[in-house]
2 protein chains.
Amino acid sequence: MPAPDLDQSDRTSSASPPSWTIREVADEFGVTHRTVRHYEDLGLISPERRGTTRVYHRRDRTRLALILRGKRLGFPLEEIRTIIDLYDRPRGKASQLEYVLDQIDERRTDLEQRRRDLEDALAELGEFERRCRADLARLT
Amino acid sequence: MPAPDLDQSDRTSSASPPSWTIREVADEFGVTHRTVRHYEDLGLISPERRGTTRVYHRRDRTRLALILRGKRLGFPLEEIRTIIDLYDRPRGKASQLEYVLDQIDERRTDLEQRRRDLEDALAELGEFERRCRADLARLT
DNA sequence: CTTTACGTTGACGTCAACGTCAAGAACCGG
DNA sequence: CCGGTTCTTGACGTTGACGTCAACGTAAAG
């Protein structure tokens, strides 16, 4: 008879909510523990402390994923912080919701500019490839 | 009878190819002259020299536009340099064309990853806005 | 109980991408 | 010809995003 879920590598089947060490999340997301701590210094994540040791939960992993995607999109960490804080901020009152909706609009404008740039770059790349292939064909 | 095109603000109607000073291109592209010179230090642009003074032509403006778009997309300047060099590099022989086509493929893979990230971010933003608007409606 | 593996907090280093400042050269209008 | 504006080359400063290193705690394993 197997012991009931002492396997640390299968956390999702545990009764208690799963948690991870700094090394585990770092490895999983392909960054160093130093990077994770840096994000904590900037207030982008705030893992639980068990004594002095950091304990990461699903919420922290979600935020880390958002951070890394933001980075891939070229946003500075400070801006990323305002974004994910926006997602998490309490928005009970109408005034707060209005503010959040304004921020959303700003974000979208920015993202859509990036999308245009991206489409342009991809289009140019396609055209350039076409010309290269044509040149290559003429050489045969 | 008007003098034939002594107006420096209308360079495109000049008989000789139009050119610009560093301040002019900087202002036009919304960067400082220091930024433009920095790009030159890194070899991203190489304007003509008239004596000691830099003279910018259409080619330089094209490259500058590419650089700034690359920056908006979050690419480091070194990577941007390899990209625009790719567009400009001589590609007479088949082997060179093959190499260029390989590079194009790498670029495209990268850009498409970014596009996915971008679409995801925009989708999440849309969903988030929907929820906020719903919350707002319930408050009325 | 010591080793070994991770964990922790600083403090400092580094690299990219510029900004800032100083000290001249060069042209332009008066 | 002279002063003001614009250009030039350095040299150094700054900010963001971590890397690196030292010095130390701790918890399981042999």
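Worth knowing before you read on, the calculation uses all heavy atoms, side chains too, and leaves out hydrogens, waters and symmetry mates. Chain identifiers are assigned alphabetically (A, B, ...) following the order of the sequence lines, protein sequences preceding nucleic acid strands; residue numbering begins at 1 within each chain.
Salt bridge B:Arg63/B:Asp60: absent, no basic N to carboxylate O contact under 4.0 Å. Under the 4.0 Å criterion applied to side-chain N and carboxylate O atoms, B:Asp110 and B:Arg107 are assigned as salt-bridge partners. Classification of B:Glu119 and B:Arg116 as a salt-bridged pair fails, no side-chain N sitting under 4.0 Å from a carboxylate O.
For A:Tyr39, counting side-chain heavy atoms from C-beta on, the closest listed nucleotide (C:dG7, D:dT8, D:dC18) is D:dC18. For A:Arg54, the listed nucleotide lying nearest its side chain is C:dT9; candidates were C:dG19, C:dT9, D:dC7. Of the candidate nucleotides C:dG19, D:dT8, C:dT9, C:dG19 has the atom lying nearest to any side-chain atom of B:Thr32. Here the nucleotide nearest the side chain of A:Thr21, chosen from C:dG7, C:dC18, C:dT9, is C:dG7.
Each salt bridge (Lys or Arg N to Asp or Glu O under 4.0 Å) pair with one or both residues in residues 121-130 of chain A, not counting sequence neighbours, appears once here: A:Glu124-B:Arg69, A:Glu127-A:Arg130, A:Glu129-A:Arg133, A:Glu129-B:Arg108.
The minimum heavy-atom distance between A:Arg114 and B:Leu118, with the atom names listed, is C-CD2, 3.8 Å. Considering every non-hydrogen atom in both A:Thr32 and A:Ala26, the closest pair reads C-CB, 3.8 Å.
Contact between the side-chain N/O atoms of B:Arg23 and the OP1/OP2 oxygens of D:dC7 is found at a separation under 4.0 Å. Contact annotation: B:Thr35 side-chain N/O to C:dA17 OP1/OP2 distance is not under 4.0 Å. Regarding contacts with the backbone of C:dA26, every side-chain N or O of B:Thr53 stays at 4.0 angstrom or more from both OP1 and OP2. Taking only side-chain nitrogens and oxygens, A:Thr52 never comes nearer than 4.0 Å to OP1 or OP2 of D:dT26.
Note: the hydrophobic cluster containing A:Tyr87 also contains A:Leu68 (ILVMFWY, side chain heavy atoms under 4.5 Å, direct or indirect links).
Looking at heavy-atom distances under 4.0 Å, B:Arg50 makes no contact with the nucleic acid at all. Across all strands shown, B:Arg34 has heavy atoms under 4.0 Å from base atoms, whether or not it also approaches the sugar-phosphate.
Put simply, CD on A:Glu40 is 14 Å from C1' on C:dG10, counting in whole angstrom units. If you measure from atom NE2 of A:His38 to atom P of D:dG19, you get 9 Å, rounded to the nearest angstrom. Computed from coordinates, the A:His33 NE2 to C:dC6 P distance equals 12 Å when rounded to whole Å.
A heavy atom lying under 4.0 Å from DNA chain C marks the following residues of residues 63-80 of chain B, by number: B:Lys71, B:Pro76, B:Leu77.
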